Amino acid sequence: MYPPRCMTLALIFGIRVLADDSQHPITNQEVLTSSDCHNACTELVTVLGEDKAFYQTLPEDFASSYFCNRQREVTPACVIRPANPQDVSLAMKTIGKHRCSFAIKSGGHGMFEGTSNIEGGITIDLVRLDGIELSEDGETASVGPGNRWGKVYEVLEERGRVVVGGRVSNVGVGGFLLGGGISFLGRKYGWASDNVRNYELVLANGSISNVNYKSHPDLYWALRGGAGNFGVVTRFDLEAYPLTPVWGGMSLYTLTDIRTRCASLNIARPFSLSYSYLLRQVSQLIPRIAALLGRSTTSTQIIKAFEEMIVKERTDETYLQYFFSLSYFPTPDLILASVMHVREKPDGNPPALADPRLIGGKPTYSTSSIRSLRSMVEELDPYNIPGFRYLYHEITFRFNATVFQQIFDFHLEEIDKVKDLQGMFPVIVMQPISEISRRGNEKNGGNPFGFSDSDGPLCALLACPQWDRAEDDEAVHAYVARFVDKTMALLEKEGLLHRWVYPNYANKMQDVFSGYGEQNRGKLREIQGTYDTEGVFAKLSKGYFKV
Ligand SMILES: Cc1cc2nc3c(=O)[nH]c(=O)nc-3n(C[C@H](O)[C@H](O)[C@H](O)COP(=O)(O)OP(=O)(O)OC[C@H]3O[C@@H](n4cnc5c(N)ncnc54)[C@H](O)[C@@H]3O)c2cc1C
Ligand SMILES: *[C@@H]1O[C@H](CO)[C@@H](O)[C@H](O)[C@H]1NC(C)=O
Ligand SMILES: *[C@@H]1O[C@H](CO)[C@@H](O)[C@H](O)[C@H]1NC(C)=O
């Protein structure tokens, strides 16, 4: 639908007049769309120069710098690549003046269209803010949001230090740190966001501030989980810790109970002498051979072992992180469980989740060894390839093995309906929300997540399918919606569902900030109003979760 030309002109005119009235709060009608950002983009080219502001022709490497194709397909009116906080400040002033909608991009790993890119608006690409500096005493690492974690680890490793960051090398620093951050060190240090000492922040009016517990306790609290709702962070000062070798890796298990589970769920295996039928027959041999060799387990045993760890919150202080995933490989019709674990002390003892006594067998394949933390990150990299379509959806609940087994059955039922879509790769990942992560709200005035003592051992379930074609988007969304509906209903019935939603894993449809509790949401809104009186972030930055 194309608006009549005169209406567009009237809009531009209207906004010109309003833009002069700087005290006037922004209303929805005034938010410019599409080509109406022309004036803002033209001014950005003048103010920042052609090497930092790209209008008409976007930088060649721009689209491919996003992880998910759903973000690559979004086309902004212009892209700016500021080189210092002063550039960001000038940009915020221009954006506020012209009231053109904008998005902020750090590593571009946000999963849905509009997370860090904006159709017809201005995308602030922070890629050039890529400084990494360790303080003289080695206690603080100052990291620009243009960095990806792999580079940060590499630089700090040379001085024997490490920070609490991502588990995949090319995940960006910015989004990860503003939405929590589950790391390989989560059971020792909690959320990555609880390990930020200071933020250099450009506010809506362009002023540049250092925000920490002493200087702005309210804003500092808000930034520890409040996402990009308060300003543009141009530098994170992170607590740095000594780097030591760890004991860890991935153990992969073939599951022998899937065929019987599918049969009991009435998931039919149609008989036809097709290639795919033959492949499916062959695929049944793999678990059988693995079982013969004692190198397999069942979904039930994996789930029980996880319960053992999470419910008892294993008091083993050396445990740094663990999680498991259940992945379906359409070719050759196989479900594999993988367990990732990392322990501080390389003492050689098997981790509980990969302990043959708990799991009932040896892993089909394992990389557990004494190694560097960076090699753990590098191990996950090949499993996270950019350039496909993805969807993330997160559900938080109190873990219970019996109930989770039913959830896994829901997943088996639902993937059966979509498994033939091109490039379909459905995965669910289960991660503990460690005790220290829940208690993170005690450190330096806390965070807005709103966990309490009575929440108990929580876990985050992430459903994260990958697929190839845009025309299958709807089918995949529907599959996830059905799985989520059944799961939520069951968890609600069992009294296990928790209101919290992890922002970094959330689906576009989820109301992340309502999960923080009404009181914390109210506080976040108040803080936003204090530091952004005109509502620039509330109204013009539209694509991601709003407080
Ligand atoms: C392959 C892969 C692996 C992952 N692994 C992990 C993991 O191990 N642990 C985990 O917790 N999460 C993980 N995630 C999720 C990840 O934390 C989120 O996708 C996160 O948003 C990525 O940050 P980014 O900077 O790359 O994303 P972007 O898309 O650039 O940004 C995400 C959001 O943050 C805002 N933002 C970014 N930088 C700034 C800034 N400087 N100032 C203001 N706002 C800003 C953006 O506007 C956007 O709304 C993973 C994701 C992927 C795709
Ligand atoms: C898990 O849930 C089931 C079904 O509601 C219940 O019978 C069982 O006691 C629960 N287990 C634990 C450890 O709470
Ligand atoms: C910008 O906003 C901040 C926070 O409201 C305020 O302290 C500061 O004085 C403002 N700066 C200007 C130049 O208006």
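Positions are given from 1, in the same order as the sequence printed here. Whatever order the structure lists ligands and atoms in, that order sets their numbers, starting from 1. Values in this document were obtained by computation on a predicted structure and should not be read as measured data.
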Ion pair check, [X] and [Y], cut-off under 4.0 Å:
{"X": "Asp130", "Y": "Arg128", "result": "no"}
{"X": "Asp61", "Y": "Arg81", "result": "yes"}
{"X": "Lys97", "Y": "Glu534", "result": "no"}
{"X": "Arg389", "Y": "Asp468", "result": "no"}
{"X": "Arg371", "Y": "Glu379", "result": "yes"}
{"X": "Arg521", "Y": "Asp511", "result": "yes"}
{"X": "Lys105", "Y": "Asp125", "result": "yes"}
{"X": "Lys304", "Y": "Glu308", "result": "no"}

Is [X] close to ligand 1, meaning an N/O of one under 3.5 Å from an N/O of the other?
{"X": "Gly107", "answer": "yes"}
{"X": "His109", "answer": "yes"}
{"X": "Gly166", "answer": "no"}
{"X": "Pro145", "answer": "no"}
{"X": "Tyr502", "answer": "yes"}
{"X": "Thr115", "answer": "yes"}
{"X": "Val232", "answer": "no"}
{"X": "Val168", "answer": "no"}
{"X": "Gly228", "answer": "no"}
{"X": "Gly110", "answer": "yes"}

Please state which protein non-hydrogen atom is closest to [atom] and give its distance, to 0.1 Å?
{"atom": "atom 46 (C) of ligand 1", "result": "Ile104 O, 3.0 Å"}
{"atom": "atom 9 (N) of ligand 1", "result": "Ile182 O, 2.8 Å"}
{"atom": "atom 1 (C) of ligand 1", "result": "Asn384 OD1, 3.4 Å"}
{"atom": "atom 38 (N) of ligand 1", "result": "Ser106 CB, 3.3 Å"}
{"atom": "atom 29 (O) of ligand 1", "result": "Ser116 OG, 2.6 Å"}
{"atom": "atom 41 (N) of ligand 1", "result": "Val233 O, 2.9 Å"}

> Looking at Tyr328 versus Phe425, is the centre-to-centre ring distance below 6.0 Å?
Replying inline: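 Centroid distance Tyr328-Phe425: not below 6.0 Å, so no.
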Ignoring hydrogens and geometry, is there a side-chain-to-backbone donor-acceptor pair from [X] to [Y] under 3.5 Å?
{"X": "Thr533", "Y": "Gly529", "result": "no"}
{"X": "Arg525", "Y": "Val547", "result": "yes"}
{"X": "Gln71", "Y": "Ser116", "result": "yes"}

I need the atoms of ligand 1 closer than 4.0 Å to a non-hydrogen atom of [X], numbered in the order shown.
{"X": "Leu178", "answer": "39 (C), 40 (C), 42 (N), 43 (C), 44 (N), 45 (C)"}
{"X": "Met111", "answer": "53 (C)"}
{"X": "Gly181", "answer": "11 (O)"}
{"X": "Leu126", "answer": "40 (C), 41 (N)"}

> Is the shortest distance from a heavy atom of Thr530 to ligand 3 less than 4.0 Å?
Replying inline: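 Right, Thr530 reaches ligand 3.
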For [atom], state which one of [options] supplies the nearest heavy atom.
{"atom": "atom 34 (O) of ligand 1", "options": "Ala227, Gly175, Ala506, Gly179", "value": "Gly175"}
{"atom": "atom 50 (C) of ligand 1", "options": "Asn229, Leu380, Val171", "value": "Val171"}
{"atom": "atom 18 (C) of ligand 1", "options": "Asn147, Leu177, Asn504", "value": "Asn504"}
{"atom": "atom 51 (C) of ligand 1", "options": "Phe537, Tyr392, Phe67", "value": "Tyr392"}
{"atom": "atom 8 (O) of ligand 1", "options": "Arg148, Arg167, Glu200", "value": "Arg167"}
{"atom": "atom 43 (C) of ligand 1", "options": "Ala460, Gly165, Gly231, Gly174", "value": "Gly231"}
{"atom": "atom 23 (O) of ligand 1", "options": "Tyr390, Tyr199, Phe184, Phe176", "value": "Phe176"}

>> Does Val377 form a side chain to side chain contact (heavy atoms under 4.5 Å, CB included) with Phe184? I'd like the steps, not just the answer.
In response: CA-CA 8 Å; Val377 173; Phe184 273 127; 4.0 Å; yes
>> Need the ligand 3 atom indices (1-based, order shown) with element for anything under 4.0 Å from a heavy-atom of Ser207.
In response: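 Near Ser207, the atoms of ligand 3 are 1 (C).
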Check [X] against [Y] and note the closest heavy-atom contact, atom names and distance.
{"X": "Glu394", "Y": "Val501", "result": "OE1-CA, 3.5 Å"}
{"X": "Gly175", "Y": "Asn504", "result": "O-OD1, 3.5 Å"}
{"X": "Gly186", "Y": "Ser183", "result": "N-OG, 3.2 Å"}

>> Residues around ligand 2, heavy atom under 4.0 Å from any ligand atom, sorted by chain and number. Can you pull those?
In response: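 These residues qualify: Glu307, Asn400, Val403, Glu494.
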> Any non-hydrogen atom of Tyr505 lying under 4.0 Å from ligand 1?
Replying inline: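 True for this residue.
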>> Using the rule ring-ring contact (aromatic ring centres under 6.0 Å, His included), only one of Tyr505, Phe451, Phe513 pairs with Trp500; which is it?
In response: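 Going through the options one by one, the only one that passes is Phe451.
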> For the atom pair CD1 (Ile122) and CD1 (Ile80), what is the distance rounded to the nearest 0.5 Å?
Replying inline: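 Here the rounded value is 7.0 Å.
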> Will you find, in the side chains of Asp237 and Thr140, an N or O donor that is under 3.5 Å from an N or O acceptor?
Replying inline: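 Per modelled atom types, Asp237 and Thr140 side chains form no pair under 3.5 Å.
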> For Gln321 and His341, what are the C-alpha separation, side-chain angles and deciding distance, and is it a side chain to side chain contact (heavy atoms under 4.5 Å, CB included)?
Replying inline: CA-CA 6 Å; Gln321 188 58 279; His341 64 89; over 6 Å; no
> Judging by distance only, is a nitrogen or oxygen of Asn205 under 3.5 angstrom from one on ligand 3?
Replying inline: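 So ligand 3 has an N or O lying under 3.5 Å from an N or O of Asn205.
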> Going by the angle between their ring planes, with limits at 30° and 60°, are Tyr220 and Tyr213 parallel, tilted or perpendicular?
Replying inline: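 Ring orientation of Tyr220 relative to Tyr213: tilted.
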